[in-house]
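Sequential numbering from 1 along the given sequence is applied to the chain's residues. First listed ligand is number 1; within each ligand, the first listed atom is number 1.
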Amino acid sequence: MLSTSLGWKDPMTTSPMALKGLRAKKRLLWTLLLSAFGCSGLYLYGFRILRYLEGIIPMGICPVVTTSLLTDNFTGGLQHWARPEVLTCTSWGAPVIWDSTFNPHVAKQEARRQNLTIGLTVFAVGRYLEKYLERFLDSAERYFMVGQSMVYYVFTDRPEAVPSITLGQGRLLRVEPVQGESRWQDVSMARMRTLYEALGGRLGQEADYVFCLDVDQRFTGNFGPEALADLVAQLHSWHYHWPRWLLPYERDKRSAAALSWGEGDFYYHAALFGGSVAALRKLTAHCALGLQLDRERGIEAVWHDESHLNKFFWLYKPTKVLSPEFCWDPKIGWRTEIRHPRLLWEPKEYALVRN
Ligand code: UDP
Ligand code: MN
């Protein structure tokens with residue numbers, strides 16, 4: 001009998017039946033080998049491949065009739081043709097601001113001519129303070145509204161621990177005490193009520209326009225008055241290519257933040273929103289009320305304050321939308337359309353900063 005210890009037989013001396021079995025074994029071996037190869041490839045590179053493929057999904061194109069009509073309060077005419085590969089306007093006629101579609105110098109001059117003061121609010125509660133605040137403020141001094149009159153509002157539970165930063169001319173920093181919360185979600189959600197109150201107080205008197213930001217990011221490029229408008233929303237860098245039905249809106253009808261299937265324009269990121277004091281009073285009042293109603297019903301929207309923000313922007317459309325270049329997550333990897341990121345997410349180190 002010609003057989004090896006592995007059970008393979010010499011094909012010359014084996015019957016057709018045994019030959020068939022041999023082929024099946026070989027096929028199985030190859031299938032196993034290729035699957036193992038494929039699985040490890042997907043594990044190592046699949047995420048990046050998926051992200052790359054996602055970037056190819058078209059965003060839609062601004063109709064020519066609309067583009068000629070669109071102007072911006074701060075930059076004047078927008079050069080939509082400079083970015084034919086991305087969506088540069090919304091269906092309700094608001095511009096989506098991409099790099100190269102605006103002239104930053106015109107916007108700077110216009111903000112100075114109007115003698116504007118711009119507010120920047122940021123919360124640094126608990127361990128978020130040590131981890132992110134200094135770099136956030138340092139980078140804002142280098143890139144945020146450079147040459148403009150501005151005021152920072154830092155909300156924290158430990159005012160004495162706020163790092164001292166050398167500020168440029170015409171720039172102020174105010175520290176506002178807030179109480180800590182035992183859950184990070186509560187800190188995040190409580191921002192809406194605190195901002196509502198601050199906008200009705202000194203912040204609202206000092207600033208004409210305000211941007212409200214997360215602290216876990218840093219500026220890496222000029223972020224100037226081209227971003228100003230009555231109501232400004234930020235496209236979420238993880239979702240701007242996704243079809244609407246996939247967007248992570250709150251779907252539970254009991255929540256004040258609920259959007260039904262078919263509702264919603266874009267998915268906006270709560271790490272950055274802005275606008276005039278009056279518009280932001282309305283936004284923060286709406287979100288704070290929605291959060292309170294949910295709490296009374298014992299529910300919490302899937303993405304907390306961000307879900308309520310998305311509901312607000314569905315009901316009251318932003319007058320300017322910022323492209324993901326204004327708030328980009330480097331984890332997504334390289335995309336040709338992201339030319340000049342202005343704010344980058346810091347790596348999420350939840351184990352370090354969250355309870
Ligand atoms: N935040 C804070 N302390 C906390 C939780 C949140 O200061 O314990 C503030 C901080 O500004 C943070 C923002 O709330 O950037 C939103 O929370 P986080 O960035 O963790 O949410 P994510 O961006 O991951 O949704
Ligand atoms: Mn964040």
If you measure every N or O of [X] against every N or O of ligand 1, does any of those distances drop under 3.5 Å?
X: Phe123; result: yes
X: Val215; result: yes
X: Trp184; result: no

Which angle, to 10 degrees, forms at the Mn ion (ligand 2) with OD1 of Asp216 on one side and OD2 of Asp214 on the other?
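Result: 100°, to 10°.
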Would you sort out whether Phe144 and Ile118 count as a side chain to side chain contact (heavy atoms under 4.5 Å, CB included), showing the intermediate values?
CA-CA 10 Å; Phe144 183 77; Ile118 297 144; 4.2 Å; yes
For ligand 1, does Arg191 get within less than 4.0 Å through its side chain, its backbone, both, or neither, judged by non-hydrogen atoms?
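For Arg191, only side-chain atoms sit under 4.0 Å from ligand 1.
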Distance filter under 4.0 Å to [X] heavy atoms, resulting ligand 1 atoms:
X: Arg354; value: 18 (P), 20 (O), 21 (O), 22 (P), 24 (O)
X: Ala124; value: 7 (O)
X: Tyr350; value: 24 (O)

Ring centroid separation [X] to [Y] under 6.0 Å:
X: Phe211; Y: Phe223; answer: yes
X: Trp328; Y: His340; answer: no
X: Tyr240; Y: Phe266; answer: no
X: Phe136; Y: Tyr132; answer: no
X: His269; Y: Trp345; answer: yes

What protein heavy atom sits nearest [atom], and how far off is it?
atom: atom 1 (N) of ligand 1; result: Val187 CG1, 3.6 Å
atom: atom 22 (P) of ligand 1; result: Lys348 NZ, 3.4 Å
atom: atom 19 (O) of ligand 1; result: Asp216 OD2, 2.9 Å
atom: atom 8 (O) of ligand 1; result: Tyr128 CE1, 3.4 Å
atom: atom 7 (O) of ligand 1; result: Val125 N, 2.7 Å

Any heavy atom of Glu306 closer to ligand 1 than 4.0 angstrom?
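False for this residue.
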Partners passing salt bridge (Lys or Arg N to Asp or Glu O under 4.0 Å) against Arg254 (at least two apart in sequence or in another chain):
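Scan of Arg254 (salt bridge (Lys or Arg N to Asp or Glu O under 4.0 Å), adjacent residues dropped) gives Asp252.
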Salt-bridge present (Arg112, Glu110; N to O < 4.0 Å):
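So Arg112 does not pair with Glu110 through a salt bridge.
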Salt bridge or not between Lys131 and Glu349? Use side-chain N to carboxylate O under 4.0 Å.
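Answer for the salt bridge query: yes.
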